[in-house]
Amino acid sequence: MSRKRQSDTEHTVPALYAMVQPGLEPVAADEITRDLGGEVKKTSRGVVVFKLPEITPDILKLRTTEDLFVLAWGSDTLTYRPPDLVNFRKWTANRPDWGRLFRIHHAIRPKIKGKPTFHIVCQMQGEHGYKRYDAHQAIVDGLRNKVPPGLIAQEENAWLEVWLTIRGKTAVCGVRLTDRTMRHRTYKTDHVPASLRPTVAAAMVRLAGISPGMTVLDPMCGAGTILAEAIDLCNRRKTREVTMLGGDLDPNAVFVTGENLACVGQAQLARWDVRQLPLAAGTVDRIVSNPPFGKQLLTPQDVGPLYGQMARQFDRILKPGGRGVFLVAEYEPLRDSLRDVGWKPTRQHKVRVLGQPAVLSAWQKPDALATMSE
Ligand SMILES: C[S@@+](CC[C@H](N)C(=O)[O-])C[C@H]1O[C@@H](n2cnc3c(N)ncnc32)[C@H](O)[C@@H]1O
């Protein structure tokens, strides 16, 4: 390589990619652009490829992403046939400057005590004419003599990990810059059934648009994930004087929320029934919630009546112009109930939560004064 080309390569910041919950790519792209000043280059299902002027530990502040990687190579023209394997090995062996990618990794994730560990992870979705094991082996072969010596093989949560992710005709390969705390957080010490993924809760509170002085409510708070993410977002943005309210029918959920919020921040919590909320009319600015859905928590015939009563309560307590953000599996009953009280949909994202399809939607209650002046 000529000296000029080598110095150009050294000065070009490599691309990064984020793994996100399928369906949340636009929300993650918005966070990457606005909060980090990144430039999104490409998105595909569950993956956002982006560039930053500089790669610093600030990337670990992202909240809607599950994992971050520095890109070694990517392709969206896989053939689904065995020649892909030859390319995986060739691209891994020839394309990236692995030494540089590993140095970027070490700057973000400094060595911890004990022997440093290493692992190659291969994920594959879709019907391909080769096995996941073969794709994994292609990366092992391509990386021969490129990995620093002295690393101990470790199956899970290794310090240094190279991942190959194949989804249909798309593949990305890179060095993982994050660990499990990005997707699971550190505050979630206690759980309830059907507790929400923190990254999904983070996407919901971003869509809510919380401003100083607001009152934010999750009336079916479960383990308190949405409240924790809302408090965290307000803390990081220095959004002052926000009142957080939470409650649940299940007293254990209220207790668990208290435990999980202990090291995050303050919320007023109560045991209540969403169908009879003990809150005064027109006192809440934002409702962000994940009502019970799926066989685990509700029978299909219970969904419609519950959502209908819930929507009438929400309409009573929300201020005119206020917003609601909801995640449900059964979208039609929610949509019909909120339309019945006159709310307007503003955003909709089809996502997958706990392995099942769900809809994340944002709604606005009309502002009576604004409507009169139209
Ligand atoms: C899907 S879970 C919420 C999970 C929560 N977002 C989390 O991350 O842990 C739904 C919650 O609604 C609560 N719930 C069910 N019926 C309710 C009702 N009538 N009033 C209040 N809460 C209710 C359940 O106890 C459960 O905790």
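Counting starts at 1 for both ligands and their atoms, following the listed order. Predicted, not measured: the structure shown is a model, and the values here were computed from it.
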Option with minimal heavy-atom separation from atom 18 (C) of ligand 1, where the choices are V256, V288, L249: L249
Closest to atom 24 (C) of ligand 1 (judged by heavy-atom distance), picking from D250, V274, D248: D248
Atom indices of ligand 1 within 4.0 angstrom of A223 heavy atoms, with elements: 7 (C), 9 (O)
Ligand 1 atoms in contact with C221 (distance to a heavy atom under 4.0 Å): 5 (C), 7 (C), 9 (O)
Passing candidate, side chain to side chain contact (heavy atoms under 4.5 Å, CB included) with V200, options V20, L327, I226, N290: L327
Contact atoms of ligand 1, heavy-atom distance to N290 under 4.0 Å: 1 (C), 2 (S), 3 (C), 4 (C), 5 (C), 6 (N), 10 (C)
Geometric class of the F326/W343 ring pair [parallel <30°, tilted 30-60°, perpendicular >60°]: parallel
From K42, K169, K41, residue fulfilling salt bridge (charged side-chain N to carboxylate O under 4.0 Å, His left out) relative to D76: K42
Residue of the set L196, V205, V288, V264 for which side chain to side chain contact (heavy atoms under 4.5 Å, CB included) holds with E229: V205
Numbered atoms and elements of ligand 1 in range of D273, under 4.0 angstrom, heavy atoms: 18 (C), 19 (N), 20 (N)
Distance-only N or O hit between ligand 1 and T225, under 3.5 Å: yes
Atoms of ligand 1, numbered as shown, that sit under 4.0 Å from any heavy atom of S195: 7 (C), 8 (O), 9 (O)
T64 and its side chain to side chain contact (heavy atoms under 4.5 Å, CB included) partner, picked from E25, M204, E31, Q21: E31
W91 and W73 aromatic centres sub-6.0 Å: yes
Atoms of ligand 1, numbered as shown, that sit under 4.0 Å from any heavy atom of W272: 20 (N), 21 (C)
Check: W159 ring centre within less than 6.0 Å of H105 ring centre: yes
Close aromatic pair by centroid cut-off 6.0 Å: Y307 and F314: no
Atoms in ligand 1 with a heavy atom of M220 nearer than 4.0 Å: 3 (C), 11 (C), 12 (O), 21 (C), 22 (N), 23 (C)
L306 N/O under 3.5 Å from ligand 1 N/O: no
